[in-house]
There are 2 protein chains.
Amino acid sequence: MTPPTPLHLSLAGQAVDVLREQVLTGEIPPGSRVNEVEVAQQLGISRGPLREAIRHLASEGLLTLVPHRGAFVPDATPEDVKALFELRTALECAAAEHAASRRTDVDLVRLQDVCAESRRNYRAGQPFPYRLDLAFHQTLLDAARSPYIAEQVRLVQQRVVLLRSSLEDDPPHQHASMDDHDELVRAIADGDAAKAGAVMRRHLSRVCAQMLTSLTH
Amino acid sequence: MTPPTPLHLSLAGQAVDVLREQVLTGEIPPGSRVNEVEVAQQLGISRGPLREAIRHLASEGLLTLVPHRGAFVPDATPEDVKALFELRTALECAAAEHAASRRTDVDLVRLQDVCAESRRNYRAGQPFPYRLDLAFHQTLLDAARSPYIAEQVRLVQQRVVLLRSSLEDDPPHQHASMDDHDELVRAIADGDAAKAGAVMRRHLSRVCAQMLTSLTH
DNA sequence: AACGTGTCAACTGTCGACAGTTGGCAGATT
DNA sequence: AATCTGCCAACTGTCGACAGTTGACACGTT
């Protein structure tokens with residue numbers, strides 16, 4: 001019973017996944033260069049597919065290309081963080097408004113479930129895992145039913161993860177985030193688009209501020 | 001006196017420019033496939049750089065890739081247009097709000113100049129050129145000073161141009177657009193971010209509706 | 001006549017090798 | 001000793017050729 005498709009994904013596609021993981025986890029540290037021949041040998045593929053993978057990640061903002069020099073993992077400046085969060089805010093506020101208008105009851109249950117699980121984890125003494133934060137925003141995006149906005153948010157969140165890779169969270173911030181999420185769900189439950197957008201704006205503003213302080217500490 | 005850089009742009013970069021032009025002008029019609037060997041010969045380059053160019057344009061949304069089948073110029077469905085304009089609205093409303101808050105007097109003068117030129121052209125009996133519409137939105141984006149938002153808007157506008165390539169404008173719509181632009185400039189002049197965002201939202205809603213009617217005519 | 005099967009050409013995916021450019025190092029000069 | 005010049009190794013950019021897959025056509029079967 002071999003898989004129906006002999007190659008589930010092209011070598012370039014596989015290389016994208018592997019490289020993305022290595023960049024996001026910080027295995028390839030920010031500021032470092034990606035050597036084409038070295039990484040190609042390491043992955044056991046030729047330079048062609050690897051180059052395509054590098055270009056793809058560059059288009060996602062996870063690498064920056066310098067002609068005749070190669071690809072670098074970008075390191076964030078405070079200005080970058082601010083500008084990136086302006087983009088994220090524009091996208092996710094719109095998503096929150098659309099979610100408030102278009103959500104189904106199933107969407108609402110899913111959102112409430114994610115919030116409840118976050119609370120449970122937190123009360124059990126465990127930290128609010130970033131995984132659940134991502135899950136919340138993803139669920140909200142599904143409820144918004146705006147595929148292009150969702151796609152762009154996904155890309156922006158990836159870049160945020162990249163900036164965030166070496167930061168630790170502090171409990172007060174986690175608590176505030178969970179409160180924001182709860183309030184957001186209430187606004188969406190009420191179908192109050194304006195409030196949903198406003199709460200999302202305040203939430204992201206807080207997250208951005210926290211990242212900026214962590215960045216400079 | 002040869003140029004300082006022997007190659008101003010890599011072959012892949014040049015191929016991107018040529019292909020983008022051909023796609024946006026409809027020289028390569030929507031729905032058609034891009035044959036790698038054929039286009040490579042046509043451009044006088046190898047398949048490697050051309051492949052990179054194709055992948056780049058795909059990341060911009062100007063081509064869609066199908067594994068083992070090739071690259072196609074996407075043809076728009078009404079759902080695509082709506083979803084794309086939801087993205088554009090989220091981005092440009094935020095840009096309009098930022099522009100209202102951050103604009104300098106120089107920015108304001110530039111915006112007013114573009115509007116004035118549009119009026120002049122229109123009164124002279126000439127149609128409102130799409131060039132000036134793009135110039136207006138670009139000037140507003142510069143005034144917003146949010147580089148990531150600006151970059152995304154640029155990509156979205158490109159896709160709108162692609163959808164728009166075979167559509168003609170009608171004078172009533174042109175007139176309404178110029179009125180919207182004027183009202184937008186007034187809001188930005190007043191520093192009224194909320195109004196600027198609202199006007200932009202209404203403007204894009206109108207443009208989207210016009211595109212949808214033109215699409216189905 | 002409709003359907004399933006085998007073959008084939010065209011195209012994409014991949015590879016290894018060559019050419020051009022960049023940044024740095026060694027040596028010569030002042 | 002400091003600076004400038006010329007060379008060099010490493011790397012990216014590019015090319016031509018091979019391998020694997022896809023969709024379609026022709027053929028045979030029911």
Side-chain angles (χ1 to χ4, degrees), chain A residues 1-20 22-23 28-75, chain B residues 1-20 22-23 28-75:
Chain A
M1 270 302 190
T2 51
T5 36
L7 276 176
H8 285 293
L9 202 56
S10 66
L11 291 184
Q14 292 177 274
V16 166
D17 291 340
V18 174
L19 269 185
R20 177 164 28 219
Q22 290 185 345
V23 170
I28 303 178
S32 68
R33 196 166 67 85
V34 176
N35 186 318
E36 290 186 358
V37 291
E38 183 183 332
V39 176
Q41 287 178 355
Q42 185 178 324
L43 295 181
I45 62 176
S46 175
R47 278 181 57 217
L50 178 61
R51 278 176 68 90
E52 288 187 3
I54 289 174
R55 297 302 194 279
H56 186 87
L57 291 179
S59 78
E60 291 187 359
L62 264 50
L63 293 174
T64 59
L65 300 178
V66 181
H68 294 288
R69 296 286 347 257
F72 296 80
V73 181
D75 43 357
Chain B
M1 269 303 188
T2 51
T5 36
L7 276 176
H8 285 291
L9 201 56
S10 66
L11 291 184
Q14 293 177 275
V16 167
D17 291 339
V18 174
L19 268 185
R20 176 163 29 216
Q22 290 184 346
V23 170
I28 302 178
S32 67
R33 196 168 64 88
V34 177
N35 186 320
E36 290 187 358
V37 290
E38 184 183 333
V39 176
Q41 288 178 353
Q42 185 178 325
L43 295 180
I45 63 177
S46 176
R47 278 181 57 218
L50 177 62
R51 278 175 69 89
E52 288 187 4
I54 289 175
R55 296 302 194 277
H56 186 87
L57 291 179
S59 76
E60 292 188 357
L62 263 51
L63 291 175
T64 59
L65 300 179
V66 180
H68 296 288
R69 296 288 345 253
F72 296 80
V73 181
D75 43 358

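All values below were derived from every heavy atom in this structure, side-chain atoms included, with hydrogens, water molecules and symmetry-related copies excluded. Each chain gets a letter, A, B and so on, in the order its sequence line appears, and its residues count up from 1.
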Notebook entry, point to check: Going through the checks in order, is the side chain to side chain contact (heavy atoms under 4.5 Å, CB included) test met by A:L50 and A:L11?
Noted result: CA-CA 8 Å; A:L50 178 61; A:L11 291 184; over 6 Å; no

Nearest whole Å is fine: how far is [N] [atom2] from [X] [atom1]?
X	N	atom1	atom2	value
A:E36	C:dC15	CD	C1'	14 Å
A:Q41	D:dT12	CD	C1'	15 Å
B:E38	C:dC11	CD	C1'	12 Å
A:L9	C:dT12	CG	P	18 Å
A:L43	C:dC15	CG	C1'	15 Å
A:L50	C:dG16	CG	C1'	15 Å
B:R47	C:dT14	CZ	P	11 Å
B:H68	C:dA9	NE2	C1'	17 Å

Next item on the list: Indicate the atoms forming the closest heavy-atom contact of A:R69 with A:R33, along with that distance.
Entry: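 Minimum heavy-atom separation between A:R69 and A:R33: O-NH1, 3.2 Å.
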
Note to self: If I compare all heavy atoms of A:A53 with all of A:A15, which pair ends up nearest, and what's the gap?
What the structure shows: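 It is CB-CB, 3.7 Å.
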
Notebook entry, point to check: What does A:V34 touch in the nucleic acid at a heavy-atom separation under 4.0 angstrom: a base, only the sugar-phosphate, or nothing?
Noted result: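 Result for A:V34 = sugar-phosphate.
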
Next item on the list: Describe the nucleic acid contact of B:R69 in one word from base, sugar-phosphate, nothing, applying a heavy-atom distance below 4.0 Å.
Entry: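 Sugar-phosphate contact only - B:R69 comes under 4.0 Å of backbone atoms but never of a base.
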
Would you tell me if any nitrogen or oxygen in the side chain of [X] comes within less than 4.0 Å of OP1 or OP2 on [N]?
X	N	value
B:R55	C:dG13	yes
A:R51	D:dT12	no
B:N35	C:dC11	yes

Notebook entry, point to check: Closer to the 5' end of DNA chain C via nearest nucleotide, is it B:R33 or A:E52?
Noted result: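 Its nucleotide being nearer the 5' end, the pick is B:R33.
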
Next item on the list: On DNA chain C, check which nucleotide each of A:G48 and B:V37 is closest to and give me the residue with the more 5' one.
Entry: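 Residue closer to the 5' terminus by nearest nucleotide: B:V37.
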
Donor-acceptor pairs are to be reported for all side-chain atoms of residues 59-66 of chain B against protein atoms at under 3.5 Å, with residues two or more places apart or in another chain.
from: B:S59; atom 1: OG; to: B:H56; atom 2: O; distance (Å): 2.6
from: B:E60; atom 1: OE1; to: B:R20; atom 2: NH1; distance (Å): 2.7
from: B:E60; atom 1: OE1; to: B:Q158; atom 2: NE2; distance (Å): 2.9
from: B:E60; atom 1: OE2; to: B:R20; atom 2: NH1; distance (Å): 2.8
from: B:E60; atom 1: OE2; to: B:H56; atom 2: NE2; distance (Å): 3.2
from: B:T64; atom 1: OG1; to: B:F72; atom 2: O; distance (Å): 3.4

Check: Which value, rounded to the nearest 0.5 Å, describes the distance between A:Q14 atom CD and A:D17 atom CG?
Finding: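 The CG atom of A:D17 is 8.0 Å from CD of A:Q14, to the nearest 0.5 Å.
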
Next item on the list: With the side chain of B:S10 defined as its heavy atoms from C-beta on, choose the nearest nucleotide among D:dG13, C:dC15, D:dG16.
Entry: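 For B:S10, the side-chain atoms sit closest to D:dG13.
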
